[in-house]
Amino acid sequence: MIHAADIDKAVERLANTKFLLVLTGAGISHESGIPTFRGNDGLWQNYRAEELATPWAFERDPVTVWKWYDWRRGIIGKAEPNPGHHAIKELEDIFENFLLITQNVDGLHGRTGVTRMVEIHGNLWRVRCVREGKTSMLMEVPLSSIPPRCECGEMLRPDVVWFGESLPTQALEQAFKALEMCDTLMVVGTSGVVYPVASFPETVKSNGGFVIEINTEATPISNIADVSLYGKSGDILPALVNALGV
Ligand code: BJW
């Protein structure tokens, strides 16, 4: 249940924001039919994301890990950006100083035309040779052979960030700069448990910034958010853009 006073508070802040930083997680793509990680529908053959999204799982059993990605690529390949994704593109058009940091690897934000974006956990349509480190796009769905291989004969892996791996340096640098510069952070559809991204709201708060959270349920971020708007991002984000009325 969203209180009108909370919406008003968020809109008033946005109207006075100089630099808007938006951080998204799997929840924003849920209304496009893509399972989240920690919801019940995120389970795949009884595996949890934490058991598959690791370099050790890939080393031990690349076929199982690739089958999980092939399953997800099949779902994502049929999905379309939803009103939440489109509203974020509208926010990019409204704010001169803007950055979107997404933890999502599904590429749906990019399909709205948003350009000031950092895909901080990578992109599951991009693959990387495990020997040469060379990246390329691989759009085939379903994959004709698992695991897919590079021209050099070595395995390809999804160009995403697994647990225990460092986030891409350039993406992190862009994120840290924006965390310093922004006065408002809008956090959408993330459970706020995966680091280092989970610490971003705290960083903004300690820099004196304002945090707006949008989620269907309370998360650890709710404890520090200035406003939490509980509901679907596909309903709340368009309502906020509409209320901004620019
Ligand atoms: C809706 C909705 C609707 C639903 N509308 N809302 C410090 C402390 C503790 C641990 C660590 C630490 N630093 C590093 C770690 C270790 C680890 C970590 O964080 N572990 C925790 C689990 C404890 N982090 C790492 O290893 C990271 N690397 C790193 O830090 O490198 C340096 C280092 C290495 C080693 C040691 C120390 C330092 C890498 C993390 C990589 C995460 N990778 C994944 C997979 C990406 C590829 C892929 O997709 O396959 O990223 S895991 C998965 O979780 C994915 C997501 O991006 C990420 C976050 O999930 P997200 O988006 O929040 O999804 P959910 O499902 O959790 O939540 C969805 C939310 O939406 C829910 O709240 C719903 O309510 C909501 N929702 N419908 C609005 N319609």
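Counting convention: from 1, in listed order, for ligands and their atoms alike.
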Sub-3.5 Å N/O-N/O distance, [X] and ligand 1:
X      : value
Gln103 : yes
Ala26  : yes
Asn104 : no
Thr219 : no
Phe37  : yes

Which of the atoms in ligand 1, numbered in the order shown and given with their element, are less than 4.0 Å from a heavy-atom of [X]?
X      : result
Trp162 : 39 (C), 41 (C)
Glu31  : 3 (C), 5 (N), 80 (N)
Glu217 : 75 (O)
Glu165 : 27 (C), 28 (N), 29 (C), 31 (O), 39 (C)
Arg72  : 48 (C), 49 (O), 50 (O)
Pro196 : 30 (O)
Gly25  : 62 (O)
Gly189 : 6 (N), 69 (C), 70 (C), 71 (O)

Looking at [atom], is any protein heavy atom nearer than 4.0 Å to it?
atom                    : result
atom 56 (C) of ligand 1 : yes
atom 41 (C) of ligand 1 : yes
atom 36 (C) of ligand 1 : no
atom 46 (C) of ligand 1 : yes
atom 16 (C) of ligand 1 : no

Leu99 and its side-chain contact (heavy atoms from CB on, under 4.5 Å) partner, picked from Leu21, Val22, Leu23: Leu21
Heavy atoms only: which of [options] is nearest to [atom]?
atom                    : options                       : result
atom 4 (C) of ligand 1  : Leu229, Asp235, Thr216, Leu23 : Thr216
atom 44 (C) of ligand 1 : Val161, Asp106, Thr24, Leu52  : Val161
atom 52 (S) of ligand 1 : Tyr69, Phe163, Tyr195         : Phe163
atom 23 (C) of ligand 1 : Val187, Thr102, Val193        : Val193

Close approach, [X] and ligand 1, non-hydrogen under 4.0 angstrom:
X      : result
Ala49  : no
Glu50  : no
Leu167 : yes

Side chain, backbone, both or neither: which part of [X] has a heavy atom under 4.0 Å from ligand 1?
X      : result
Val194 : both
Val160 : side chain
Arg38  : both

May I ask you to decide whether [X] forms a salt bridge with [Y], counting only side-chain N to carboxylate O separations under 4.0 Å?
X      : Y      : value
Arg111 : Glu80  : yes
Arg157 : Glu59  : no
Lys205 : Asp226 : yes

Please state which protein non-hydrogen atom is closest to [atom] and give its distance, to 0.1 Å?
atom                    : value
atom 67 (O) of ligand 1 : Ser191 OG, 2.5 Å
atom 73 (O) of ligand 1 : Asn215 ND2, 3.0 Å
atom 78 (N) of ligand 1 : His30 ND1, 3.1 Å
atom 51 (O) of ligand 1 : His121 ND1, 3.2 Å
atom 26 (O) of ligand 1 : Gly164 N, 2.7 Å
atom 3 (C) of ligand 1  : Gly27 O, 3.4 Å
atom 5 (N) of ligand 1  : Ser233 N, 3.0 Å
atom 63 (O) of ligand 1 : Thr190 OG1, 2.6 Å

Check: Ser32/Asn82 side-chain N/O donor and acceptor closer than 3.5 Å: yes
Does a side chain donor of either Ser29 or His109 reach within less than 3.5 Å of an acceptor in the other side chain? no
Any chance CD of Glu165 has more than 12 other-residue heavy atoms, nucleotides or ligands included, within less than 6.0 Å? yes
Are there over 12 heavy-atom neighbours, none belonging to Phe19, within less than 6.0 Å of that residue's CZ? yes
Non-hydrogen side-chain atoms of Ile94 and Val241 separated by less than 4.5 Å: yes
What distance do Thr36 atom OG1 and Ile28 atom CD1 have between them, rounded to the nearest 0.5 Å? 13.5 Å
Measuring from Asn104:CG to Leu124:CG, what's the distance to the nearest 0.5 Å? 10.5 Å
Check for a donor-acceptor pair, side chain of [X] on one end and backbone N or O of [Y] on the other, with a separation under 3.5 Å.
X      : Y      : result
Glu154 : Cys129 : no
Asn97  : Lys18  : yes
Gln174 : Ala171 : no
Arg13  : Thr184 : no

Minimum heavy-atom distance Phe95-Arg116, with the two atoms named: O-NH2, 3.2 Å
When you look at His121 and Leu167, which way does the side-chain contact (heavy atoms from CB on, under 4.5 Å) test go after all the steps? CA-CA 7 Å; His121 288 162; Leu167 280 64; 4.0 Å; yes
For the rings on Trp162 and Phe58, is their centre-to-centre separation under 6.0 Å? yes
Look at the aromatic rings of Trp66 and Tyr69 and report parallel, tilted or perpendicular, splitting at 30° and 60°. perpendicular
Under the side-chain contact (heavy atoms from CB on, under 4.5 Å) rule, what do Leu20 and Leu14 come out as? Steps first, then yes or no, please. CA-CA 8 Å; Leu20 177 65; Leu14 287 169; 3.8 Å; yes
